[in-house]
Amino acid sequence: MGMGKEVKLLFENWRRCLKEWVDDTDVAAVLDDEAKEEPEEKLSEEEESIVRHNLRALDTMGGPPAIDRLGFGHLDEEALMDLVGGIPTLRRSKIVKAIGAGTKKTVYKLDNDHIFSVFQSGYGGDEYNDLGWYAGIQDRQFKGQSSIDEPAIHDYGTTKVPKKFERGGTNYEGNFLKYVEMSGVVPLTAEGPPSMRSVDPGRLDWDLHQIAKFVEASLYHGMLIKDPISLDKKVELVQHWWRNRKGLPFAGEEDLLDLEVKLTPDLTMNLIKTLVRLAVRLKTTHVLQDVHPGNLGMSIENPDEFVVIDI
């Protein structure tokens, strides 16, 4: 009898661990069928109205609907309401308009003037640990170590497709949304920060690309990602190379030596500082290959300082 109880306890422990760690498999579904369903948290009338508005507002970009781009076009409206309603931000704040979209993410402005990004986990592969990056920013802010080139992070997390909508249909890899709510930044693709309003949008995109390309080459050829010198010293070194492009350690790359940008020298230096900090914190230069107006903004408190809102 004693051995029987131990085996039963072992099985129950195994069953509980399996439920915690195994997702989207037949085993997990069977275990879920055996378990009692947790009661669902119901939305208030006000919350339901806000969520319904936001479900519609997610598709304000034109082109393929955001729900389809994010991989949830197979869900009916009830399931989508549950999915969107699982994001606290979208239960309390309304989406005012879309600001920009990429293959994995869409960025919106909320009625509280915050910026909200939503993106599917697993869609196209997660090259970077996005939520980990936002968590790091928030952690630094809690410790009083805020950086001028980072937004204020209010909330971030994930929301899963409710299991009642998964059964009997196709299981999709990574079928949950990631989200982040931030503030303290005016996106370059919104109304536009004051310092950017005189810059032609097409030219701005080109200048951002060229400067990012230079920073990437500087960090790579200068082997600065792993260099033990301080972050500020790395920034100063790349800024120095930009000002003195004749004696670069990668002078053979002529296309990097004769760059002409329309951004003012101060804005150029601020952008270099922001991009160096971003790449060093992420420990990769690959992130600099996708710098554009849709993932950058300007600080509200310091209108000449660039802020990264997306990676």
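- In this structure, a donor-acceptor pair under 3.5 Å is absent between the side chains of D205 and H209.
- If you check the side chains of R91 and S44, you find no donor sitting under 3.5 Å from an acceptor.
- W241 and S218 get closest at one heavy-atom pair: CZ3-O, 3.5 Å.
- To the nearest 0.5 Å, atom OH of residue Y156 and atom OH of residue Y179 are 10.0 Å apart.
- Inter-residue side-chain proximity for V107 and V118 is flagged as unmet; no heavy-atom pair is nearer than 4.5 Å.
- Put simply, the side chain of D139 never gets that close to the backbone of A135: no donor and acceptor are under 3.5 Å apart.
- I50 and L58 sit in two unconnected hydrophobic clusters of ILVMFWY residues. Membership requires side-chain heavy atoms under 4.5 Å apart, directly or through other members.
- Hydrophobic clustering of Ile, Leu, Val, Met, Phe, Trp and Tyr side chains at less than 4.5 Å, counting indirect connections, keeps V235 apart from Y220.
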Step by step, work out the side chain to side chain contact (heavy atoms under 4.5 Å, CB included) result for W133 and L282. CA-CA 8 Å; W133 180 64; L282 287 173; 3.8 Å; yes
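- A152 approaches Q141 most closely through the heavy-atom pair CA-NE2, 3.3 Å.
- S49 places no side-chain N or O within 3.5 Å of a backbone atom of E45 that could act as its donor or acceptor partner.
- Not a single donor-acceptor pair under 3.5 Å links the side chain of E181 to the backbone N or O of D155.
- Tested against V261, the residues D207, L204, L267, L271 include a single side chain to side chain contact (heavy atoms under 4.5 Å, CB included) partner, D207.
- Note that CH2 of W206 is 13.0 Å distant from NZ of K262, once rounded to the nearest 0.5 Å.
- Considering only heavy atoms from C-beta on, M298 stays 4.5 Å or farther from V185 through its side chain.
- Side-chain atoms of E48 and M81, non-hydrogen and from C-beta on, do get closer than 4.5 Å to each other.
- Considering NE2 of H240 and CD1 of I272, their distance stands at 12.0 Å, rounded to 0.5 Å.
- Cluster membership check: L275 shares its hydrophobic cluster with I225, using side-chain heavy-atom separations under 4.5 Å among Ile, Leu, Val, Met, Phe, Trp and Tyr.
- Residues L110 and I115 have side chains not in contact (no heavy-atom distance under 4.5 Å, counting atoms from C-beta outward).
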Just do the side chain to side chain contact (heavy atoms under 4.5 Å, CB included) check on I95 and L90 with the steps written out, would you? CA-CA 8 Å; I95 292 173; L90 298 186; 4.2 Å; yes
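- S147 and D149 share a side-chain donor-acceptor pair at under 3.5 Å.
- Using a 4.5 Å heavy-atom threshold, the side chains of W242 and V215 count as separate.
- Taking OG1 of T268 as the reference point, atom CZ of R243 lies at 10.0 Å (rounded to 0.5 Å).
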Only pairs under 3.5 Å count here: list side-chain donor-acceptor contacts from residues 304-311, not counting sequence neighbours, and write none if there are none.
residue: E305; atom: OE1; partner: K273; partner atom: NZ; Å: 3.0
residue: E305; atom: OE2; partner: K273; partner atom: NZ; Å: 3.3
residue: D310; atom: OD1; partner: K105; partner atom: NZ; Å: 2.8

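- The hydrophobic clustering, which links ILVMFWY residues whose side-chain heavy atoms are closer than 4.5 Å, places Y134 and V280 together.
- With salt bridges taken as basic N to acidic carboxylate O contacts below 4.0 Å, one links R281 and E150.
- Between E47 and R92, every side-chain heavy-atom pair lies at or beyond the 4.5 Å cut-off.
- Heavy atoms only, all atoms of each residue included: A57 and Y108 are closest at O-CE2, 3.7 Å.
- A distance of 9.5 Å separates CG of D113 from OG of S183, quoted to the nearest 0.5 Å.
- Annotation: side chain of L296 is not in contact with side chain of P187 (no heavy-atom distance under 4.5 Å).
- With hydrogens and angles ignored, the 3.5 Å screen pairs a side-chain donor or acceptor of N54 with a backbone N or O of S93.
- For the residue pair V291 and V287, the shortest heavy atom distance occurs at CG2-O, 4.1 Å.
- Of the possible polar contacts, none joining the E216 side chain to the L288 backbone as a donor-acceptor pair under 3.5 Å is found.
- At a threshold of 4.5 Å between non-hydrogen side-chain atoms, the residues R277 and K234 do not count as touching.
- When every heavy atom of L219 is checked against every heavy atom of A279, the shortest pair comes out as CD1-CB, 3.5 Å.
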E260 and Q210: CA distance, side-chain angles, deciding distance, side chain to side chain contact (heavy atoms under 4.5 Å, CB included) verdict: CA-CA 9 Å; E260 293 185 8; Q210 292 301 299; over 6 Å; no
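- Taking a 6.0 Å sphere around CD of Q145, one finds it holds more than 12 heavy atoms contributed by other residues, nucleotides or ligands.
- Between the CG atom of L208 and the CG atom of L263 there is a distance of 6.5 Å, given to the nearest 0.5 Å.
- A donor-acceptor pair under 3.5 Å links the side-chain atoms of N295 to the main chain of H292, judged by distance alone.
- Minimum interatomic distance between P151 and I137 (heavy atoms only, all atoms of both residues): O-CG2, 3.4 Å.
- In this structure, L131 is a member of the same hydrophobic cluster as L278, with clusters built from ILVMFWY side-chain heavy atoms closer than 4.5 Å.
- Within the 6.0 Å centre-distance limit, the rings of H154 and H114 are counted as a close aromatic pair.
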